[in-house]
Asks: 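Here it is, the structure, as structure tokens.
Chain naming here is simple, since letters A, B, ... match the order of the sequence lines and numbering starts at 1 in each. No hydrogens, no waters, no symmetry mates; every other heavy atom, side chains included, goes into these values. All values reported here derive from a predicted model rather than from experimental measurement.
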Number of protein chains: 2
Amino acid sequence: MIKPTESELEILNILWAEGPSNVRSVNEIMNQQKEVGYTTTLKLMQIMTQKGLVERDESSRTHIYSAKIKAEDIQGEMLDKLLNSAFGGSASKLVLSALGSGKASAKELEEIKALIQKLEKDGNQ
Amino acid sequence: MIKPTESELEILNILWAEGPSNVRSVNEIMNQQKEVGYTTTLKLMQIMTQKGLVERDESSRTHIYSAKIKAEDIQGEMLDKLLNSAFGGSASKLVLSALGSGKASAKELEEIKALIQKLEKDGNQ
DNA sequence: AATTATCTACGAACAATTTCGTATAATTTA
DNA sequence: TAAATTATACGAAATTGTTCGTAGATAATT
């Protein structure tokens, strides 16, 4: 699978959140965080099309782009990379670090607990 | 805080694992994975010194480098970045993805469960 | 003491990524 | 319909990161 660069990932995130979009609206969302020229975003999205990261509907003048890869796939891959590059392969260290920062809500903690219980049950069979 | 590049992170990992080291030994460990010239590693470590990522003891001809930042700090920072760049800020999605890949042992799952319980308890007070 | 090995410093080539200017075409507005 | 706006395409500059060659100093070996 093709690995997106930093900027490409930003765009993918927008497409995942917003669904199929044109360059202008992607660029506007990008600009909420940092200033980026329109043609910069355009160029990136063109490159992403070439790489097969996004799909482009050219039926009208304003092209519509949509993410071609699933968020989960990239997430899993990047997580794996981080796991090995920064956490020495220890998933628990990573999880502990993630939970420790206090970013998960009570409901989310429940979800995680439920998954752990399931994993433990399956593991014992 | 300064964000290390890919290569710099590799070196930091070695320094975290091995403790204070000279360029040669870092380079040798690097070479176990991929071929890298000695001066390449040297240059990287010099740059890292400038950036303040490592500290250098110059008291003898062969300089000794040690990581200046804690593994936990970088880990937390990189995790945070990944969280926002690839998981839309949802810590639970990240954790679920990490646990789902089956990389955590039974003992690790217990650790995580214990932390969750602690978090839930603290949160209710 | 001369040769060889090992070390740092440093510039610069190379590569990947990001940014944007300019050209050109289509559409909308005045 | 002329002018202004809004698109895409594309080349190339700018930026960032990586790699390494060469020079010069110090230390070890013969």
Asks: Mind checking if B:E8 touches a base, just sugar-phosphate, or nothing, with heavy atoms under 4.0 Å?
Replies: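 Since no nucleic acid heavy atom lies under 4.0 Å of B:E8, the category is nothing.
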Asks: Ignoring hydrogens and angles, does a donor from either the side chain of B:K43 or the base of D:dG17 sit under 3.5 Å from an acceptor on the other?
Replies: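 Answer no: no donor N or O sits under 3.5 Å from an acceptor.
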Asks: Would you kindly give the OH-to-C1' distance between B:Y65 and C:dC7, to the nearest whole Å?
Replies: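 In whole Å, C:dC7 C1' lies 10 Å from B:Y65 OH.
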Asks: Can you check salt bridge (charged side-chain N to carboxylate O under 4.0 Å, His left out) on A:K93 and B:E72, steps first, answer last?
Replies: CA-CA 9 Å; A:K93 269 193 197 149; B:E72 291 73 26; over 6 Å; no
Asks: Using a cut-off of less than 4.0 Å, is there contact between a side-chain N or O of A:Y38 and OP1 or OP2 of D:dT8?
Replies: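 So the side-chain polar atoms of A:Y38 do come within 4.0 Å of the phosphate oxygens OP1 or OP2 of D:dT8, strictly under.
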Asks: For a quick test of reading the model: is some side-chain N or O of A:K51 closer than 4.0 Å to OP1 or OP2 of C:dA16?
Replies: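 False: A:K51 side-chain N/O out of range (4.0 Å or more) of C:dA16 OP1/OP2.
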Asks: Would you tell me if any nitrogen or oxygen in the side chain of B:T40 comes within less than 4.0 Å of OP1 or OP2 on D:dC20?
Replies: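 So the side-chain polar atoms of B:T40 do come within 4.0 Å of the phosphate oxygens OP1 or OP2 of D:dC20, strictly under.
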Asks: Closest to the A:L44 side chain: D:dT8, C:dA9, C:dT19?
Replies: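 Nearest nucleotide to the side chain: C:dT19.
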Asks: Looking only at heavy atoms, which two atoms of A:S90 and B:E108 are closest? And how far apart?
Replies: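 Closest pair (atom of A:S90, atom of B:E108, distance): OG-OE2, 3.8 Å.
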Asks: I want to verify a distance call: between C:dT18, D:dT8, C:dT8, whose nearest atom is closest to the A:S7 side chain?
Replies: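 Within the option list, the nearest is C:dT18.
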Asks: Over all strands shown, is B:T5 touching base, sugar-phosphate only, or nothing at heavy-atom distances under 4.0 angstrom?
Replies: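 The answer is sugar-phosphate, as B:T5 gets under 4.0 Å only of primed atoms, P, OP1 or OP2.
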Asks: I need the CD1-P distance between B:I47 and D:dT16, as an integer number of Å.
Replies: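 About 13 Å, once rounded to whole Å.
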Asks: Kindly indicate whether the side chain of B:R61 and the base of D:dT26 share any N or O donor-acceptor pair separated by less than 3.5 Å?
Replies: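 Between D:dT26 and B:R61, which were checked side chain against base, a qualifying N/O pair under 3.5 Å is present.
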Asks: What nucleotide among C:dT19, C:dT6, D:dT19 has an atom nearest to a side-chain atom of B:R24?
Replies: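 In terms of side-chain proximity for B:R24, the closest of C:dT19, C:dT6, D:dT19 is C:dT6.
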Asks: Could you check how far CG of A:L42 sits from C1' of D:dA12, rounded to whole Å?
Replies: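 Nearest whole value for this atom pair: 15 Å.
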Asks: Take a 6.0 Å sphere around CD of A:E58 and say whether it holds more than 12 heavy atoms from other residues, nucleotides or ligands.
Replies: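 Buried by this count: over 12 neighbours within 6.0 Å.
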Asks: Could you tell me which non-hydrogen atom of A:V26 sits nearest to which non-hydrogen atom of A:L15, and how far apart they are?
Replies: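 Closest approach of A:V26 to A:L15: CG2-CD2, 4.0 Å.
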Asks: Under 4.0 angstrom, heavy atoms only, what part of the nucleic acid is B:E58 near: base, sugar-phosphate, or nothing?
Replies: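 Contact class for B:E58: none.
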